[in-house]
Visitor: 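For reference, the structure I am asking about is given below.
Reckoned from all heavy atoms, side chains included, excluding hydrogens, waters and symmetry mates.
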Amino acid sequence: MGHHKSFNDETHIPQSVIKRAQMIATICAVLGLGASFGGYFMSSDTHVVEQAHADAQAKTDAHAKTDAHAKTDAHAKTDAHAKTDAHAKTDAHADKHQAPAHEGSLKKQFLFSWLTAFVFFTTLCLGGLFFTILHHLVRASWSTSLRRVAENVAMNFPIMAVCAAVVALLGFGDIFHWTHIDPASDPFFKVKEPYLNTGFFSIRAVFFFGIWILMAFFFRSNSVKQDETDGGAAAEALNYKMRKLAPLSMLTFALTLTFFAFDWLMSLDPHWFSTMFGVYIFAGTAVALFATLIVITLWLEGNGILKNTITIGNFHDAGKLMFGFIVFWTYITFSQYYLIWYANIPEEIGWYLHRMQGGWENIGLFIAVGHFILPFWVVMSRHTKRNRMVLGVAAVWMLIMHFVDLYFVVMPTYHHHLHFHWMDLTTFIGIGGLFLHGFLHWSSKDAIVAHKDPQLIASMEYDNV
Amino acid sequence: MSDSNEIYQKDSIFPPPLVGGKHDFHSVTEAICGVVEKPLSINWLLALGFSSTFLLMLVASIGYLFWEGTGIWGLNNPVGWGWAIVNFVFWVGIGHAGTLISAVLFLFRQKWRTAINRFAEAMTIFAVICALVFPGIHVGRVWAAYWMLPLPNQMAMWPNFRSPLLWDVFAVSTYFTVSLLFWYVGLVPDLATLRDRAKNKLAFWAYGILSLGWRGANRHWQNYERAYMLLAGLATPLVLSVHTIVSFDFAVSVIPGWHTTIFPPYFVAGAIFSGFAMVLTLAVPCRKLFGLEDFITLRHIENMNKVILVTGTLVGYAYAMEFFIAWYSGSPYEGFAFINRAFGPYWWAYLTMVSCNVISPQFFWSKKLRTNLTVTFILSIFVNIGMWFERFVITMSLHRDFLPSSWDYYSPTIFDVSLLLGSFGLFFTLFILFLKFLPAVAISEVKGVMPQADPHWEGYAHKEAH
């Protein structure tokens, strides 16, 4: 080979850059979390949670009655609309029962906003983990220069575990309707009760976060160990070690992500089901992952870090993959919607009927345009993918759309009519601040690039001429 | 072969070379064109005779079918869709590996594709031809088969645009057209090579016309590369769309076991799975018989086995999701459909499917097994069997419908069997003809991934010039 490139960048982010970013992260976290928790604890409906727990028995009975009643109606009519009506009736009843505490309650709003933001940032971590495992699994070399960034993103799982615990401690039952369904009165729920119960759900949640934290630490710690080597046989040995565990990690990743999506998102409507749901959440995760990588590497480059290591070809490739997964997301999302819409059977259609009324249909259309049509035409061109400015804007846009997509999954279970709340923003900023802090912590601790990986030079030599 | 094997066994952080042995550009041309230029061998004629016997069986069976009608099949209520749809989906699925190798791997810059893309694409085209036979012959009044297309007519009769079967007509015919174009565009430079080397007039004229006046000029290559890139971009969504539409044939219904949202990606994964198995079933003996071991190396075989492992696992994931959700849904009909699949009268088909599709690829976790040619060949056949049975299992969801009094057991007739075997005859006849008359490996593309093609290669400076 003729002229080899060589690695000649600073390996670490300068402290000044870290400090500045940390300040922003702190401000976000303090303001966001302050406002959100402030809203939660200062809210006048103090009795909600206590009463929700204390009156659990009474409420369950009431619910059971309404449920049973409404269900019978719905079945007698065997009409999808009837079923939604039934749902609405049940919920209306619950509203009355909880009086001031339900719709418009800050506490419940907090929980749902928190859940959306928490799931959003968890999917970013999952994306980082996915990229790291995939890199080793397929023995890629082009992605070596981006590897450490993805590893650092995945290190935020402990923070996300704490965020999950907040949901569990402050109002698990307020979010997950199934916690107070009486199995005896609901034959559909009775079947899945062994799976959907608070105990098993919690065990699974602990298991998911535990295994993700383990995987993230395994890959990052071995990767960092490589920095200490001379880039020779010892560095290669570490690559082999990580490659060896990549297949098993990928299997674990796929199954845990699927059941995490079932548990934390699909079970919000305990009667709804879709075999594709795990793939759907994965598709959005993958889009968000490449958007995150693009945003972070642009930020690094903007601060003069890794200027000679990350090439325009790397951005082009990340942009191509983001484009590919935008199309994949559309394919999965459309197929899920289309099959359910076409068959139109009462078991499934309720979830979508819910989201096709009360103003939510506008969000659905917005997602179709913003998550597919617009980025499809913008990111398709080679020129836009090789233009840092346009690619950066597209990446930020995709992150916003990923949030909207998750919002569309979570929020209609609480607000039957489209209703934005300032808590949606504050919880997002608060958890985002924590997320950023975590990322900066790991990014300042060690080198920001796997500079002793023997494949790094190959990664730098790629360009799509 | 031993040479490339030795290189292969030395594991390195970077992959081994793509072309084994000690080849230069000229010897590559010699090796690949040699297959075409050698006089007909007795083995080739025997193989052609054998496969065309089965082809004859297909023709005879179709003739009898046209004469007698679809009553000669095992179809009845409640199983109104039998082997014809199973064979159709099976063959369309086989085609997917060719498109994935030629288009998707091209976009992913997977240079190892160059050795196998040519005959994988040929396989795609022949498989889609086999697939198209089945919807073509089962329409009953075969002389009206063209009514499947929305042609304006005086009676103002239109096909049902809301039916996935019509979407199939569009999807599969688009797929066939694009695959054929892609294959042909890639063939043009190699056809010109054969033209330039032709020893007799007939070959000279035939390859000359087909190579469209290719002279290897700079401008030709520029247009060629651009066309190839565009066709790869067009073919990539087709990998997903064709089998997605095929899955819609089942999934838009309200039949338990058919209507499930994971069907589209699950069918696509299954199609790639079965397609790669078929590529291996063909590649393992062909590389041996035609001396192509330096081009289709163990690295290629191993990579394909890895794809089989991945897609087999994806298929396993889909089976698991179907079962989990069938239970989780709480719907007694969904639950029954799946219990019946595994433990009902067709338990043997389900068992065959799971053991061939989910268990057999697991052997490929071992590097030793996935670089073993015999194991690869045997397992690839298992996967082919398993994927045929998967479509059979899905179709047989019909045999116990909502009304127990109409439940029945479906059995194929001799004509179902002869059509399936005959379609293999058609497939192999076309493939054997292809091997003899067209270059089975893309000559110009293989040269492009050799170290000599790198502008910075310094080999000739150190060695004697060839």
Visitor: Is there a donor in the side chain of Tyr317(B) and an acceptor in the side chain of Thr258(A), or the other way round, less than 3.5 Å apart?
Guide: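 Indeed, the side chains of Tyr317(B) and Thr258(A) share at least one donor-acceptor pair under 3.5 Å.
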
Visitor: Find out whether Val138(A) and Gln110(B) are in side-chain contact, i.e. whether some heavy atom of one side chain is under 4.5 Å from a heavy atom of the other.
Guide: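 Result no, sub-4.5 Å side-chain heavy-atom pair not found.
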
Visitor: Which of the residues Tyr280(A), Tyr195(A), Phe277(A), Phe262(A) is involved in the greatest number of heavy-atom pairs with chain B at under 4.5 angstrom?
Guide: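 Ranked by contacts with chain B, first place is Tyr195(A).
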
Visitor: Using non-hydrogen atoms and a 4.5 Å limit, figure out which bit of Trp327(B) sits close to chain A: side chain, backbone, both or neither.
Guide: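 For Trp327(B), heavy atoms of backbone and side chain both lie under 4.5 Å from chain A.
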
Visitor: Within a radius of less than 6.0 Å around NZ of Lys447(B), do more than 12 heavy atoms belonging to other residues, nucleotides or ligands occur?
Guide: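 Enclosed: over 12 neighbouring heavy atoms sit under 6.0 Å from NZ of Lys447(B).
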
Visitor: Should Thr260(B) and Glu348(A) count as side-chain neighbours, where that means a heavy-atom distance under 4.5 Å?
Guide: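 Thr260(B) vs Glu348(A): side chains apart.
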
Visitor: Is it the side chain or the backbone of Ser331(B) that comes within 4.5 Å of chain A heavy atoms, both, or neither?
Guide: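 Both the backbone and the side chain of Ser331(B) come within 4.5 Å of chain A.
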
Visitor: Answer with side chain, backbone, both or neither: which region of Val104(B) has an atom nearer than 4.5 Å to a non-hydrogen atom of chain A?
Guide: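 When you check distances to chain A, no heavy atom of Val104(B) falls under 4.5 Å.
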
Visitor: How long is the straight-line distance from OH of Tyr328(B) back to CE of Met266(A), given to the nearest 0.5 Å?
Guide: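 Taking CE in Met266(A) and OH in Tyr328(B), the distance rounds to 4.5 Å.
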
Visitor: Show the nearest heavy-atom pair for residues Ser274(A) and Ile325(B), with the distance to one decimal.
Guide: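 Residues Ser274(A) and Ile325(B), closest heavy atoms: O-CD1, 4.2 Å.
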
Visitor: Which bit of Trp272(A) is near chain B, if near means a heavy-atom gap under 4.5 Å: side chain, backbone, both or neither?
Guide: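 Just its backbone gets close to chain B.
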
Visitor: Which one of Ser329(B), Gly335(B), Gly330(B) has the most heavy-atom pairs closer than 4.5 Å to chain A?
Guide: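 Looking at each of Ser329(B), Gly335(B), Gly330(B) in turn, Ser329(B) comes out on top.
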
Visitor: With a sphere of 6.0 Å drawn around CZ of Phe324(B), does it hold more than 12 non-hydrogen atoms of other residues, nucleotides or ligands?
Guide: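 Atom CZ in Phe324(B) is crowded, with more than 12 foreign heavy atoms closer than 6.0 Å.
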
Visitor: Phe108(B) versus Lys320(A): any side-chain heavy-atom pair under 4.5 Å?
Guide: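 No. Closest side-chain heavy atoms not under 4.5 Å.
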
Visitor: Would you mind telling me which of Gly324(A), Pro247(A), Pro270(A), Gly278(A) has the largest number of heavy-atom pairs within less than 4.5 Å of chain B?
Guide: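 Ranked by heavy-atom pairs under 4.5 Å with chain B, first place is Pro247(A).
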
Visitor: Which region of Tyr331(A), side chain (C-beta onward) or backbone (N, CA, C, O), has a non-hydrogen atom less than 4.5 Å from a non-hydrogen atom of chain B, or is it both or neither?
Guide: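 Contact with chain B involves the side chain of Tyr331(A) alone.
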
Visitor: Which atoms of Leu321(A) come close to chain B, meaning under 4.5 Å heavy atom to heavy atom: side chain ones, backbone ones, both, or neither?
Guide: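 Just the side chain, heavy atoms under 4.5 Å.
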
Visitor: Kindly state whether the ring of Tyr342(A) and the ring of Phe248(B) have centres lying under 6.0 angstrom apart.
Guide: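 Ring centroids of Tyr342(A) and Phe248(B) are no less than 6.0 Å from each other.
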
Visitor: Using non-hydrogen atoms only, which part of Tyr266(B) is less than 4.5 Å away from chain A: side chain, backbone, both, or neither?
Guide: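 Neither part.
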
Visitor: So which residue, Leu240(B), Val254(B), Thr244(B), ends up with the most heavy-atom pairs under 4.5 Å with chain A?
Guide: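 Maximum pair count with chain A is reached by Thr244(B).
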
Visitor: Heavy atoms only, distances under 4.5 angstrom: which of Ile340(A), Val191(A), Leu251(A), Leu339(A) has the most pairs with chain B? Name it, please.
Guide: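 Between Ile340(A), Val191(A), Leu251(A), Leu339(A), the count favours Leu339(A).
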
Visitor: At a heavy-atom distance under 4.5 Å, which candidate from Phe189(A), Tyr337(A), Phe273(A), Phe328(A) has the highest pair count against chain B?
Guide: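 Of Phe189(A), Tyr337(A), Phe273(A), Phe328(A), Phe273(A) has the most heavy-atom pairs under 4.5 Å with chain B.
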
Visitor: Judged by atom type as modelled, is there a donor-acceptor pair below 3.5 Å linking the side chain of Ser335(A) to the main-chain atoms of Pro264(B)?
Guide: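 No, because the side chain of Ser335(A) does not come within donor-acceptor range (under 3.5 Å) of the backbone of Pro264(B).
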
Visitor: Could you tell me whether a side-chain N or O of Thr275(A) sits under 3.5 Å from a main-chain N or O of Ile262(B), the two making a donor and an acceptor?
Guide: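 Indeed, once roles are kept as given, a pair shorter than 3.5 Å links the two residues.
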
Visitor: Do Pro265(B) and Ile332(A) have side chains that approach each other closer than 4.5 Å (heavy atoms only, starting at C-beta)?
Guide: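 Touching, per the 4.5 Å side-chain cut-off.
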
Visitor: Tell me, for Tyr338(A) versus chain B, whether the close heavy atoms (under 4.5 Å) come from the side chain, the backbone, both or neither.
Guide: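 Tyr338(A) touches chain B through side-chain heavy atoms alone.
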
